[in-house]
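Accompanying notes for the structure given below.
Worth knowing before you read on, the calculation uses all heavy atoms, side chains too, and leaves out hydrogens, waters and symmetry mates. Numbers for residues simply follow the sequence, beginning at 1.
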Amino acid sequence: MAQLKYALDLNLKAYPNELTPDVDNDYTVKVHTQSTPLTQEDIAASVADRLGEEPARVKSIIEIFMEEVSLAVASGYCVSADAFYARPVASGVVTDDELSQAVDREQVKVYLTLPA
């Protein structure tokens, strides 16, 4: 794959605001994404092309980098990188008597978020 060419132009779409059905002139705006998602291989190939490296080597480095980010976030660290800020998040509701017990993964979700 040749180096990816990005237009750097987001297409936005307006949708009727479903939270205010009584108002007919307000909208929510969402990004209209590309129809084909890029894979890690696509990004690695583009980076390899830019650096004059082998795509497999770049993909391996990207995988190790992402694994390190995941391990850090799973350990409670926030990770500030040039392209993103990753932080661990938990959401859910528990009762007093559940506070001293192991976390029930059906009630409490733990995940990584990439806030804008």
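- Between the side chain of S60 and the backbone N or O of A56 there is no donor-acceptor pair closer than 3.5 Å.
- The shortest non-hydrogen separation linking A44 to P55 is CB-O, 4.1 Å.
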Which atom pairs, one a donor and one an acceptor, fall under 3.5 Å between side chains of residues 78-89 and the rest of the protein, sequence neighbours left out?
none

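- Separation of atoms CD1 (I62) and CD (E41) is listed at 9.5 Å; rounding is to 0.5 Å.
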For this session: Run the numbers on T20 and D26 for side chain to side chain donor-acceptor pair (under 3.5 Å), then give the verdict.
Result: CA-CA 8 Å; T20 56; D26 67 333; 2.8 Å; yes
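- Taking 4.5 Å as the limit, some side-chain heavy atom of L99 sits within range of a side-chain heavy atom of V94.
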Exercise. Could you go step by step and tell me if H32 and K13 meet the side-chain contact (heavy atoms from CB on, under 4.5 Å) rule?
Worked result: CA-CA 6 Å; H32 182 70; K13 279 192 156 185; 3.7 Å; yes
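- Within 6.0 Å of atom CD in E54, 12 or fewer heavy atoms from other residues, nucleotides or ligands are found, so the atom counts as exposed in its surroundings.
- The hydrophobic cluster containing L114 also contains I43, counting ILVMFWY residues as joined when their side-chain heavy atoms lie under 4.5 angstrom apart, directly or transitively.
- For E18, the CD atom is loosely surrounded, since the number of other residues' heavy atoms within 6.0 Å does not exceed 12.
- Scanning both residues, N17 and L19, for their nearest heavy atoms gives OD1-N, 3.0 Å.
- We find the CD-CD distance between E63 and Q40 to be 5.0 Å, quoted to the nearest 0.5 Å.
- Taking Ile, Leu, Val, Met, Phe, Trp and Tyr as hydrophobic and joining them when side-chain heavy atoms fall under 4.5 Å apart, one finds Y15 isolated, its cluster having no other members.
- Remark: the T95 side chain and the E98 side chain contain an N/O donor-acceptor pair separated by less than 3.5 Å.
- Atom CG of D22 has more than 12 heavy atoms from other residues, nucleotides or ligands within 6.0 Å.
- Both V58 and F65 sit in one connected hydrophobic cluster of ILVMFWY residues. Membership requires side-chain heavy atoms under 4.5 Å apart, directly or through other members.
- Pairing each heavy atom of V108 with each of A90, the nearest pair is CG1-CB, 4.4 Å.
- Side chains of S46 and D49: a donor-acceptor N/O pair is absent below 3.5 angstrom, by distance only.
- Crowding of K109 atom NZ: a count of heavy atoms from other residues, nucleotides or ligands under 6.0 Å exceeding 12.
- The same ILVMFWY cluster, assembled from side-chain heavy atoms under 4.5 Å apart, contains both L38 and L51.
- Side chains of V31 and N11 form no contact here, defined as non-hydrogen atoms less than 4.5 Å apart.
- Atom CD of Q34 and atom CG of L10 lie 9.0 Å apart (nearest 0.5 Å).
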